[in-house]
Amino acid sequence: MANMAQAIRMALHYGEQHLGVTEIFGEDVGPPLGGVFTATQGLERSWNSPLDERGIIGAALGLAWAGGRPVAEIQFVDYIFNVIDMLKLAGNGYWSSAGRFKTPLVVMTPTGSGIHGSMYHSHSFDSVATKLHGMKVVCPSTAIDAYGLMISAIKSDDPVLFLKPKALLRAKGAELIPGEPADEKVLHEMIDAPLGDREKWKPRWPELTDYCVEIGKARISHPGSEATVVTHGRMAPICLEVAQALKAAGKGSVEVIDLRSLIPYDWDAIKTSVRKTGRVAFVNEETEITNFGEHLIRRLIDECFYELAARPRLLAGKATPGIALSPSVESFIQPQKTDVERVIGELLADPA
Amino acid sequence: MANMAQAIRMALHYGEQHLGVTEIFGEDVGPPLGGVFTATQGLERSWNSPLDERGIIGAALGLAWAGGRPVAEIQFVDYIFNVIDMLKLAGNGYWSSAGRFKTPLVVMTPTGSGIHGSMYHSHSFDSVATKLHGMKVVCPSTAIDAYGLMISAIKSDDPVLFLKPKALLRAKGAELIPGEPADEKVLHEMIDAPLGDREKWKPRWPELTDYCVEIGKARISHPGSEATVVTHGRMAPICLEVAQALKAAGKGSVEVIDLRSLIPYDWDAIKTSVRKTGRVAFVNEETEITNFGEHLIRRLIDECFYELAARPRLLAGKATPGIALSPSVESFIQPQKTDVERVIGELLADPA
Amino acid sequence: MPSAKTSSESPQAADPYRKLGAAKLFKIHELMVRARLLEERLIKMSKGGDGFFWIGGPGEEAFNVSLGLQVKKGRGVDHDFLHLHYRSSAIVLAMGAQPIDSLRQMRSVATDPYSKGRSFVNHYAIAEFNIVPVSPTIETQYSTAIGTGIAQARAKTDAVTIVNGGDAGTAEGDFHSCLVWANRPVLPLPILIIVVNNGWGISTKGETQHGERNISDWAKVFPGMPGKTINGNDVAESWGALEEALAYVRKNRKPYLLEARCSRLYGHSSSSGANRIPEADSIEILESAMTSRGIAAPSDFAKVWEREARALDEAHQQVKSEPFPEGDSAWQDVFADGLPPSYPVKGGS
Amino acid sequence: MPSAKTSSESPQAADPYRKLGAAKLFKIHELMVRARLLEERLIKMSKGGDGFFWIGGPGEEAFNVSLGLQVKKGRGVDHDFLHLHYRSSAIVLAMGAQPIDSLRQMRSVATDPYSKGRSFVNHYAIAEFNIVPVSPTIETQYSTAIGTGIAQARAKTDAVTIVNGGDAGTAEGDFHSCLVWANRPVLPLPILIIVVNNGWGISTKGETQHGERNISDWAKVFPGMPGKTINGNDVAESWGALEEALAYVRKNRKPYLLEARCSRLYGHSSSSGANRIPEADSIEILESAMTSRGIAAPSDFAKVWEREARALDEAHQQVKSEPFPEGDSAWQDVFADGLPPSYPVKGGS
Ligand SMILES: Cc1ncc(C[n+]2csc(CCOP(=O)(O)OP(=O)(O)O)c2C)c(N)n1
Ligand SMILES: Cc1ncc(C[n+]2csc(CCOP(=O)(O)OP(=O)(O)O)c2C)c(N)n1
Ligand SMILES: [Mg+2]
Ligand SMILES: [Mg+2]
């Protein structure tokens, strides 16, 4: 199956062929590299920009105002913090112009930890991202969702921030993307650039179709009845594994909700599940102070306080000044599978 | 009594006289203006910088590393979003350098709404500020607290973000600052620059003393037994008024906690009060999605879930892309006194 | 032969004012008066409680009207894009915007077409004119200009991107980004990069902060990039410089850096008092240039001032009768496809 | 008389290598070899699972060692401040840092003195040498340099601030900030602004993105600001240029922009394979310059390579025996006055 980087690449190819995407750019996004995670390899409209995040987001804004549907990349979300002001302009332009100027742009950027990235290749961004009001924010955890969300993001007349979990970009999907060849070696032959000289290389693209994942719709990755886990990004497959293991061991029926979209988020899916289970944990990898999961907990307290069988939990990163390179320290700071097991275990065991 | 701008000015004067502050700078911070809110008027070490927030924070970092205790200003917090990356460097420098480089700097900046500031003179910053881990964050609501917190901020070996509530900078205090003349007209004569030509003007400073408000300590601005309100900044005096009115009317005994520090925050004060009252509302003016008050609610749910007599409340700003100039729209978006009355009323009335 | 031709050219014809011609000069004068009276009215409103903060462009009329009249006006990449700041009223009026809409934004009434009462006055957003939303964040327009510049570099058109802002703002990195991106060897951009130098950033004198002799000297970094500094208080000089610069950018599809020295006639904004400051007045300069050449008589000007003032009075009366926005209008224009049903709207619990 | 003096100067004496003298050339050579072998060892460790990501400076030894040896080394404003990036190992070794500490950071053991196992290799922070924390964020060092520059402009000292970084990074606004602030008329700053131009930003060729002929042309914006471009692969040229530039900044207390063209011998980083690339090798150039002048014989060099390699083997063995940090060491160095008792430490509920 395609990995997430290949899925994004195929969605961008579909975008430049059928959805009017004329500019796909950022640092090392064009040939020869095609992106530090190969997500833009072999695309017709991809190009390298100067090393300047402010110019990149400024260019995206201007291109959107000029009627384009640009896709801009910030090489790592860790390097987005010198241009938050312009992301805010992207989010508030429609409102500040009394609805006169739409901003159909996509900003994609790798997020999160798990690749031994040390202090500046491990950042999460959910908290700031969810405060860029007017901007939509998505974060897939599977290749097929990445494909469908990218197509929806391109079609959206609103600015969309597309967060790519670094640790999952090379993870293979479990489902075929519509049009994807069944044999992943064939796909590799077709769309992955060869090592060494790529001067003459051209990709052969499969016949892809217009598959959308609606922005704002979560996915129940594992149905369950005794507890709910709300998660996204790098933590989503981990939560899924834990739920599957608990089920297999007959130790509990856990419903896992993969949010996929942070803004707007699928409140109905969360509320429906929690009303059913009465128990919920919110799991993400950003630091625990002023964490997006805390917003969801607060809203749950507002609307479902008396329906909760146990106190809702948050599992998040520790609020250290950074994420360390040392694996022992990174795994101490960032939530791991054992932490998920512990939290879900406590949640299930909590006397009503 | 001195207003908050005068109090900050006096603290900075004390800082340059006694605490080794050699550089106080930012856009229009020096003569002739002395800051857009006059908070740096008449100081010996204040100067005007180029119009460049990145240079301002970069300069502060370098000055701190060179052994100084710089105080830098971002003219409005609304304009800080192009330099979040360097605020993060200020916060993580001590950690990333294995404790080899301390960062004793103060960044002060006006925050919040309430001055008909429209989209870019009304921003709040608590959420991002509380995620600059390693950075301390304070936000006074009275002149005397502003004086004491500024002196503590200057003395701190950690970087301190000093948030100045725009709407309160001209509000007069209720307490004299140690050394302040009893008659505010006298103070005005002494330290406020005259209108018109200021070429020859020199301030006459009162004999000020080393008065500190410990960073991390909240202040109970109104004791009470039936409900707790946790707030800061522009909302603090509003919450106080409401609590006083309720008490006067015999309609309820509300304890108001003015946090004063956001990082570190005074968890013991919050917990002690909520254990006593069983009811709590968190009130601030930033937008409600991923709001610092939601962190406090989450932690309260973790530690006091079964001691709560009613569900905890959040009162915050609405998550619109901006704050509008139109007073009717600004007061719709931003929490006002009537909202505080409503929320506290509901909190007190909520059946246990 | 050329020498003859030159000598045959009368000093009169060589005079840039006469080159412009009476009709155009009267048109320019009328627009400058309109812009000046509008700004002075906005200041009055701000001081009179009929609105709040004022910031605007009195003093920049000569340069801004000359620019506005030379814009290739319209919508889409085949027309010029404008990335302006808060002193651009005369540009926008010269392009055909109506003063009443600025009064509406000043009073923040529901009919404010630029921001629905959300933004400060002189913060335009006019899709039909390719005037992208004016942002209060200094200098970011120099970064967004890159994007419309790229769109126009790709298109087969002579339309260009025009960005303007102030002198102090050039200290920001966005000015650097604009220079670097506009000169990318693989795709130079057709951008007229304008800096209006009034010598001030709020209360800070430019010469205390900037070591450049001219801001236009930044063009020296790029081989062949034109950079020029002119007197923006003079209509003829402004018109000619803009004509030359726009022609260069339209034809060569490459950037041009133009610095215009202008007066700041009412200080920075209402925060600094918004009182008249004794600096060169571009309208006085134009009027004496026209009278001294016998192109116009003082009485001609009087009529214009009077007519424009009356029009403004009527517009102001009209605006006073218009409603303020409803509080919940805040929920309009958040997302292009409407507010999702479960979006949090209570401002807390 | 001068003419005599000049004529008396033999071509030998005029030769910049001979001017440096044998002793210094051997010293420089030894440090260059040490730096090269260290980087090659770090690459091996990265590939061999004895650490993770590698990024470093092989190719920049000639320029960086020449710089490191001319730094006024020490702590505080009376000594030079260095704002470096991730290719600066040869500077730091030339100043006296020990290779073993870089191996420690590569393996992220608890004894890593620069970051306690928190940062990537070549991210230095050495208080005794005024080497401020190296940040992974490109170009921010050009903004922080402003601050130490201000401190030194105020002090009575000949110490200066030295900032270095790469060519692609000059597209960032921080480079602009450094130029503007260093040239403030009210307080010019004693900053040696260095850009090492290796022609690449990761996979992106500089000439596709930058229209400047030389990066040093940015100095042209400021009257009298020196700007120079040199061959940073050549020891004699690098030493001379740095000597001149540092002397200028120390004496005049004003900025100097120096661009050094250097090789990037192992590509960008381990992400791009970290394989040897056929570009000019500064050590080969130095060795042939020394042998061709009869200053050294190949056997002299062989001894150095061997000695340095052995020292590195021993250091590596030592580091392998050192412990990794405990997880909860993450809570050290968060605040200068310790972690407040009620600070949230659980990572959630
Ligand atoms: C990023 C940012 N920083 C600060 C401000 C506050 N501010 C508004 S106008 C101004 C001065 C601008 O001076 P200049 O660029 O010369 O333009 P002028 O007002 O003189 O036309 C400042 C500092 C802002 N709006 N945006
Ligand atoms: C602000 C920021 N953006 C992007 C990156 C990712 N990045 C790391 S190195 C690099 C290329 C730097 O090129 P150059 O400035 O020429 O230095 P060189 O590596 O060639 O020495 C990039 C884009 C970063 N570290 N910081
Ligand atoms: Mg100006
Ligand atoms: Mg380079």
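Letters A, B, ... mirror the listed sequences (proteins, then strands); counts begin at 1. The figures that follow rest on heavy atoms only: side chains count, while hydrogens, waters and symmetry mates do not.
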*Show your reasoning for whether side-chain contact (heavy atoms from CB on, under 4.5 Å) applies to B/Arg100 and D/Asp333.*
CA-CA 9 Å; B/Arg100 297 294 199 289; D/Asp333 317 313; over 6 Å; no
Could you tell me which portion of [X] (side chain, backbone, both or neither) has an atom closer than 4.5 angstrom to a non-hydrogen atom of chain D?
{"X": "B/Asp85", "value": "side chain"}
{"X": "B/Asn92", "value": "neither"}
{"X": "B/Phe101", "value": "side chain"}

Heavy-atom pairs under 4.5 Å with chain D are the metric here; pick the option from [options] that has the most.
{"options": "B/Arg54, B/His133, B/Glu303, B/Lys88", "value": "B/Arg54"}
{"options": "B/Asp266, B/Ile57, B/Asp158, B/Leu61", "value": "B/Asp158"}
{"options": "B/Lys102, B/Met135, B/Lys136", "value": "B/Lys136"}
{"options": "B/Gly134, B/Ala98, B/Pro159", "value": "B/Ala98"}

_Under 3.5 Å side-chain donor-acceptor pair for D/Ser177 and B/Asp52_ = yes
Can you find a pair of side-chain heavy atoms, one from [X] and one from [Y], that are under 4.5 Å apart?
{"X": "B/Trp95", "Y": "D/Ser119", "answer": "no"}
{"X": "B/Ile263", "Y": "D/Phe335", "answer": "yes"}
{"X": "D/Ile150", "Y": "B/Glu23", "answer": "yes"}
{"X": "B/Tyr265", "Y": "D/Ser342", "answer": "no"}
{"X": "B/Arg299", "Y": "D/Ser349", "answer": "no"}

Can you name the closest pair of heavy atoms from [X] and [Y] and give their distance?
{"X": "D/Ile146", "Y": "B/Gly55", "answer": "CD1-CA, 4.0 Å"}
{"X": "B/Ser96", "Y": "D/Ser115", "answer": "O-CB, 3.3 Å"}
{"X": "D/Trp181", "Y": "B/Ser49", "answer": "CH2-CB, 3.5 Å"}

I need the residue from [options] with the largest number of non-hydrogen atom pairs under 4.5 Å to chain B.
{"options": "D/Ala125, D/Ala145, D/Pro133, D/Gly76", "result": "D/Pro133"}
{"options": "D/Arg154, D/Gln152, D/His83", "result": "D/Arg154"}
{"options": "D/Thr144, D/Val134, D/Asp112", "result": "D/Thr144"}
{"options": "D/Val186, D/Asp337, D/Thr161", "result": "D/Asp337"}

For [X], is it the side chain, the backbone, both or neither that has a heavy atom under 4.5 Å from a heavy atom of chain B?
{"X": "D/Pro344", "value": "both"}
{"X": "D/Gln332", "value": "backbone"}
{"X": "D/Ile126", "value": "backbone"}

*Report the distance from atom NE2 of D/His123 to atom OG of B/Ser97, rounding to the nearest 0.5 Å.*
13.5 Å
*Nearest 0.5 Å please: distance from the CD1 atom of D/Ile131 over to the CH2 atom of B/Trp65.*
13.0 Å
*Got more than 12 heavy atoms from elsewhere within 6.0 Å of CD, D/Gln70?*
yes
*Trace of the side-chain contact (heavy atoms from CB on, under 4.5 Å) decision for B/Leu63 with D/Thr148*: CA-CA 5 Å; B/Leu63 282 160; D/Thr148 55; over 6 Å; no
*May I have the step-by-step check of side-chain contact (heavy atoms from CB on, under 4.5 Å) for D/Thr137 and B/Leu89, ending in yes or no?*
CA-CA 9 Å; D/Thr137 51; B/Leu89 290 181; 3.9 Å; yes
*Test side-chain contact (heavy atoms from CB on, under 4.5 Å) applied to D/Asp174 and B/Met86, step by step*: CA-CA 11 Å; D/Asp174 299 287; B/Met86 285 204 280; 3.8 Å; yes
